[in-house]
Amino acid sequence: MSEAVALAHPNFALSKYWGKRAGPGNFPAVPSLSLTVAGFTTRTRVRFDASRSFDHVVLDGQEANGRTRSRVVDLLDRLRRAVGEERSAEVISRSDFPVASGLASSASGFAALALAAVHALDLDWDESRVSDLARRSSVSAARSVFGGFVELTEGAPGAAEDEMLAATPLASSGHLPLCVLVAITTEARKAVGSTDGMRMTLEHSPYAGAWLEEAPKLHARLRHALLARDFTRVGELSEASALAMHATAIAAGVLYWNGATVAVLHTVRGLREAGIAAYATIDAGPHAKVLVRPDDVVRVAEALRATAGVLRVIEGRIGEGAKLLPAGTHP
Ligand code: DP6
């Protein structure tokens, strides 16, 4: 038996990836920039075992099936093909936060899975190769391999399916002190996954072309503001990227927000009017994430808790990249 255990944190995109490039290979259509978030963790154990006749996947204590299982098996198959491995595997994974609700569980999930699977096979792969493997399953997972502020470009146009595209660390966790307050607005799973949501957006939104044109510009400005350590500009551009992504999606009928999501947007505007720098970002789900300076955490968390429909507020800090855990650790 060969096994390894890894942990990874989710990441929240400040400049959003939304839309895949046409053709095979799971390449993003636009560049993105994210923040790896400590305070949320996925732990995954992968065990290749010659006595198994099929892959066994257990996520959060439940045997996975359907599309959830096949996405995990696809990553294992890709790796097995690349290195000539024939054994089936057992995958046991646990996340300490709500999954499939726009909290980037696929990012931490596939980053931890890729790292654990590569090390279970004793492969001497660097982080870029692990990031590329994770990206083929879920684009945002490429970024969770690294800590701090992380960039993923859209790669070379027309790249072949087997061309490598990995995320790269852009700045360390200490580069720009900020916290993310996550306003949880439901315990339910989302109805439309991000893969389907972005496909529907590109197919049906009258503004898809504008998004594909605007997203790289927003990204370049945000990257510049981040490198200049300009918190206000980073916040403004993050909110602008999220609103542009959702406006484009909503025009295609892809609506991830609930009433509390909108209420948080209003709370955040009110805070800014009162002189507190707070900026919202929203992913493929109804939770809202609010970027604040560390000194404003208590005040902003209080305002979020008092917002109608917010169930609870979780504080996230800038986290490290995916890492291996000692053999024998149970997820
Ligand atoms: C809104 O990476 O989950 O969180 O590549 O199809 O697995 P797939 O999509 P996924 O999409 C993430 C979308 C987002 C924005 C982002 O993380 O950049």
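Order of appearance sets the numbers: ligands from 1, and atoms from 1 within every ligand.
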Numbered atoms and elements of ligand 1 in range of Arg143, under 4.0 angstrom, heavy atoms
16 (C), 17 (O), 18 (O)
What atoms in ligand 1 come closer than 4.0 Å to a heavy atom of Met198?
9 (O), 11 (O)
Could you name the option among Ser138, Ala134, Ser34 that has the heavy atom nearest to atom 7 (O) of ligand 1?
Ser138
Given side chains that start at C-beta, do those of Glu239 and Val268 come closer than 4.5 Å, heavy atoms only?
yes
Under 3.5 Å between any N/O of Val139 and any N/O of ligand 1: does that happen in this structure?
yes
Keeping Ser173 on the side-chain end and Gly319 on the backbone end, is there a donor-acceptor pair under 3.5 Å?
no
With atoms numbered from 1 as shown, which atoms in ligand 1 lie under 4.0 angstrom from a non-hydrogen atom of Thr195?
6 (O), 7 (O), 8 (P)
Within the 4.0 Å heavy-atom shell around Trp18, which atoms of ligand 1 are there?
1 (C), 13 (C)
Whether the side chain of Tyr256 engages the backbone of Val192 through a donor-acceptor N/O pair (distance < 3.5 Å, no angle test) should be reported.
yes
Could you tell me whether some N/O pair between Tyr17 and ligand 1 is separated by less than 3.5 angstrom?
yes
Tell me whether the rings of Phe12 and Phe40 are parallel (<30°), tilted (30 to 60°) or perpendicular (>60°).
perpendicular
Atoms of ligand 1 less than 4.0 Å from Ala13 heavy atoms?
16 (C), 17 (O), 18 (O)
From His56 atom NE2 to Arg47 atom CZ, the distance as rounded to the nearest 0.5 Å:
12.0 Å
Subset of ligand 1 atoms that lie under 4.0 Å from at least one heavy atom of Ser106:
3 (O)
Closest heavy-atom pair and its distance - His175, Arg229
O-NE, 2.8 Å
Answer yes or no: is there a donor N or O on one side and an acceptor on the other, between the side chain of Asp283 and the main chain of Gly285, under 3.5 Å?
no
Would you mind running through ligand 1 and noting each atom that sits below 4.0 Å from a heavy atom of Arg71?
7 (O)
Contact (N/O only, under 3.5 Å) between Ser15 and ligand 1
no
Is there a donor-acceptor pair closer than 3.5 Å between any side-chain N or O of Ser15 and the backbone N or O of His219?
no
Test salt bridge (Lys or Arg N to Asp or Glu O under 4.0 Å) applied to Asp55 and Arg87, Arg80, Arg71, the passing residue
Arg80
Looking only at distances, can you tell me whether any N or O atom of Lys20, backbone or side chain, sits closer than 3.5 Å to an N or O atom of ligand 1?
yes
Would you kindly specify which portion of Ser194 sits under 4.0 Å from ligand 1, judged on non-hydrogen atoms: side chain, backbone, both or neither?
side chain
Taking only non-hydrogen atoms of Met245 and a 4.0 Å limit, the atoms of ligand 1 in range are 1 (C)
Strictly distance-based, threshold 3.5 Å: is any side-chain N or O of Ser144 a donor or acceptor partner for the main-chain N or O of Ala8?
no
Side chain or backbone of Ser140 under 4.0 Å from ligand 1, or both, or neither, by non-hydrogen atoms?
both
